[in-house]
Amino acid sequence: MKLPRAFYERSPLEVAPELLGKFLVHVTPEGTATGQINEVEIYSQDDPASHTFRGKTPRNAVMFGKGGFAYVYFTYGMYFCMNVSTETEGIGSGVLIRSCIPVEGIGFMQQRRGKSVHLCDGPGKLCQAFGLTREHNGIDLTTSAELFIEDRGVQIEKYTLTPRIGISVATDKLWRFVF
DNA sequence: ATTGGGATCGTCT
DNA sequence: GACGATCCCAATA
């Protein structure tokens, strides 16, 4: 079943480990892409590595909204990354979906990813494989029939904490969750 | 297996 | 005007 608002409206430290093992689903006219989330990172309001650290802007506004919305941003001139907003309205926090295991729609993913064998194992690759772009920024994952996260009864008992990837500050924090 | 450079542009200083 | 919450390819070892 689809994750409800209450799941997201908690501290990202609580949300992140529970997102591991859940299923990201994107329904498109060509077909449905599904993947099991296996790597996430936390970005909170008072975190110098977070887009929200210097306050609300048009770009990061979704992170400051209610929990359970997709924050999809454009980066490095050519890639998109997807987060889910966490905590209540006014708090700029979220969880970056970094990687997932392809489950359904692998043919579409390969088509979108071209020659590469690496379909979903990275935030930019994941968005490309799932066909996620700026159009998906701001989608309510708790009500959308197009983009949402499902609980299919899988519980991840064992996971690893590491520093986050690709940041230059707060590198001591173990805010990356992998299983 | 690891390293280094290039692509490419929106966002914020 | 500088710099990314990245990725890919080529060169090195």
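Bear in mind the structure is a predicted one, so any value in this text is a computation, not a measurement.
- Counting any heavy atom pair closer than 4.0 Å across all strands shown, Arg113(A) reaches sugar-phosphate atoms only and no base atom.
- When the side-chain nitrogen and oxygen atoms of Thr75(A) are compared with OP1 and OP2 of dC9(B), none of them lie within a distance under 4.0 Å.
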- Stepwise, does the side chain to side chain donor-acceptor pair (under 3.5 Å) test hold for Gln128(A) with Arg112(A)? CA-CA 6 Å; Gln128(A) 193 172 32; Arg112(A) 296 196 185 100; over 6 Å; no
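- Note: CD1 (Ile165(A)) to P (dC7(C)) measures 10 Å, nearest angstrom.
- Between the side chain of Tyr76(A) and the base of dA7(B) there is no donor-acceptor pair of N/O atoms closer than 3.5 Å.
- Comparing dG4(C), dT11(B), dC7(C) by their nearest atom to the side chain of Tyr79(A) picks out dC7(C).
- By the neighbour-count criterion of 12 heavy atoms within 6.0 Å, atom CZ of Arg152(A) is densely surrounded, having more than that number from other residues, nucleotides or ligands.
- Under the stacking definition used here (centres under 5.5 Å, planes under 30°), the residue Tyr43(A) qualifies as stacked on the base of dA5(C).
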- Message: Test ring-ring contact (aromatic ring centres under 6.0 Å, His included) on Tyr43(A) and His51(A); report intermediate values, then the result.
- Response: CA-CA 8 Å; Tyr43(A) 288 92; His51(A) 289 171; 7.3 Å; no
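- At whole-Å resolution of the value, CG in Leu126(A) and P in dC8(C) are 13 Å apart.
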- Task: Determine, step by step, whether Ser99(A) and Asp121(A) satisfy the side chain to side chain donor-acceptor pair (under 3.5 Å) criterion, reporting the C-alpha distance in whole Å, the side-chain angles of both residues, the deciding distance to 0.1 Å, and the verdict.
- Result: CA-CA 5 Å; Ser99(A) 172; Asp121(A) 59 342; over 6 Å; no
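- Gly77(A) comes within contact range of at least one nucleobase, with a heavy-atom separation under 4.0 Å.
- Relative to the side chain of Thr57(A), the nucleotides dC12(B), dT6(C), dA5(C) differ in distance, and dC12(B) lies closest.
- Protein atom NZ of Lys56(A) is 17 Å distant from nucleotide atom C1' of dC12(B), rounded to whole Å.
- If you check dA5(C), dT8(B), dC7(C) against the side chain of Ile167(A), the one that comes closest is dA5(C).
- When rounded to the nearest whole Å, the span between CZ of Arg59(A) and P of dT13(B) equals 10 Å.
- Residue Asn137(A) contributes atom CG, which lies 15 Å from atom P of dG10(B) at whole-angstrom precision.
- Of the listed nucleotides (dT8(B), dG4(C), dA5(C)), dT8(B) has the atom at the smallest distance from the side chain of Met78(A).
- Residue contacts shown for His51(A) include a base, since a base heavy atom lies under 4.0 Å away.
- For DNA chain B, the stems formed by at least three consecutive Watson-Crick or G-U pairs, with both atom-pair distances below 3.5 Å, span B:1-7 with C:6-12, B:9-12 with C:1-4.
- Counting any heavy atom pair closer than 4.0 Å across all strands shown, Met82(A) reaches no nucleic acid atom.
- Put simply, NE2 on His118(A) is 8 Å from P on dC8(C), counting in whole angstrom units.
- For the OP1/OP2 pair of dA5(C) and a distance below 4.0 Å, the side-chain nitrogens and oxygens of Arg176(A) include no atom meeting the criterion.
- One can place CZ of Arg98(A) at 11 Å from C1' of dC7(C), the figure rounded to the nearest angstrom.
- To the nearest 0.5 Å, atom CG of residue Asp46(A) and atom OG of residue Ser93(A) are 9.5 Å apart.
- Of the residues Glu150(A), Met82(A), Gln36(A), the one that meets the side-chain contact (heavy atoms from CB on, under 4.5 Å) test with Leu24(A) is Met82(A).
- Comparing atom distances between the Asn83(A) side chain and each of dG10(B), dA5(C), dT13(B) picks out dA5(C) as nearest.
- Closest approach to the Pro123(A) side chain among dC9(B), dA7(B), dT6(C) is made by dT6(C) (side chain taken as heavy atoms from C-beta onward).
- Between the CZ atom of Arg134(A) and the C1' atom of dG10(B) there is a distance of 8 Å, rounded to whole Å.
- Among the protein residues, Arg164(A) comes within range of no part of the nucleic acid, since none of its heavy atoms lies under 4.0 Å from any strand.
- The 12-atom threshold is not exceeded at NZ of Lys66(A), counting heavy atoms of other residues, nucleotides or ligands nearer than 6.0 Å.
- A cation-pi arrangement, defined by a distance under 6.0 Å to the six-membered ring centre and an angle within 45 degrees of its axis, is present between Arg10(A) and Phe7(A).
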